[in-house]
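Only one structure is covered here, and it is reproduced in the block below.
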Amino acid sequence: MFGLSELAIILIVVAAVLAIKKLPELTRSAGKSARILKSEARAARDADEPGTPRVIQGETVRREDPDPDTGTGTGTGTQDTPRG
């Protein structure tokens with residue numbers, strides 16, 4: 001018969017074999033969680049230090065100059081007008 005230590009080793013090996021399929025997903029989610037935790041800790045630390053400028057990474061979008069004859073831009077977007 002098996003003893004308690006042998007049974008524990010067999011259970012660990014079976015769990016490891018079954019977990020191999022899920023290992024990449026588990027490591028990916030652990031990495032995402034670590035990044036979220038790190039960014040939240042940084043945001044909390046920055047909130048405690050007023051006076052330091054907050055830099056938000058993004059992309060620069062160039063605006064077209066308005067047409068001097070019509071006063072409208074050359075873009076094709078729409079603009080919401082306030083209703084009153």
Side-chain angles (χ1 to χ4, degrees):
M1 235 16 229
F2 291 112
L4 186 58
S5 60
E6 290 88 3
L7 188 59
I9 291 172
I10 291 172
L11 288 175
I12 289 172
V13 170
V14 168
V17 168
L18 295 176
I20 286 175
K21 294 179 183 176
K22 295 284 185 176
L23 190 60
E25 182 181 331
L26 292 172
T27 55
R28 200 172 10 251
S29 69
K32 285 181 183 178
S33 298
R35 281 192 298 274
I36 290 170
L37 182 64
K38 186 177 177 181
S39 68
E40 290 295 327
R42 186 181 306 126
R45 185 182 63 234
D46 290 345
D48 292 341
E49 299 174 4
T52 57
R54 184 171 171 210
V55 177
I56 300 173
Q57 297 294 329
E59 76 179 55
T60 304
V61 178
R62 290 186 51 177
R63 293 183 98 182
E64 298 292 328
D65 292 330
D67 188 8
D69 295 332
T70 61
T72 61
T74 58
T76 59
T78 61
Q79 185 177 14
D80 292 335
T81 57
R83 296 180 184 188

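This one's a predicted model, so the numbers in the text were calculated from it and none came from an experiment.
When all heavy atoms are compared, the tightest approach of Ile20 to Pro24 is O-CD, 3.7 Å.
The structure places NZ of Lys32 at 8.0 Å from CD1 of Ile36, a figure rounded to the nearest 0.5 Å.
Within a 6.0 Å radius of CG in Leu4, other residues, nucleotides and ligands contribute 12 heavy atoms or fewer.
Not counting sequence neighbours, the partners of Glu25 by the side-chain contact (heavy atoms from CB on, under 4.5 Å) test are Lys22, Arg28.
Val13 is not connected to Leu23 by any chain of hydrophobic side-chain contacts under 4.5 Å among Ile, Leu, Val, Met, Phe, Trp and Tyr, and they are in different clusters.
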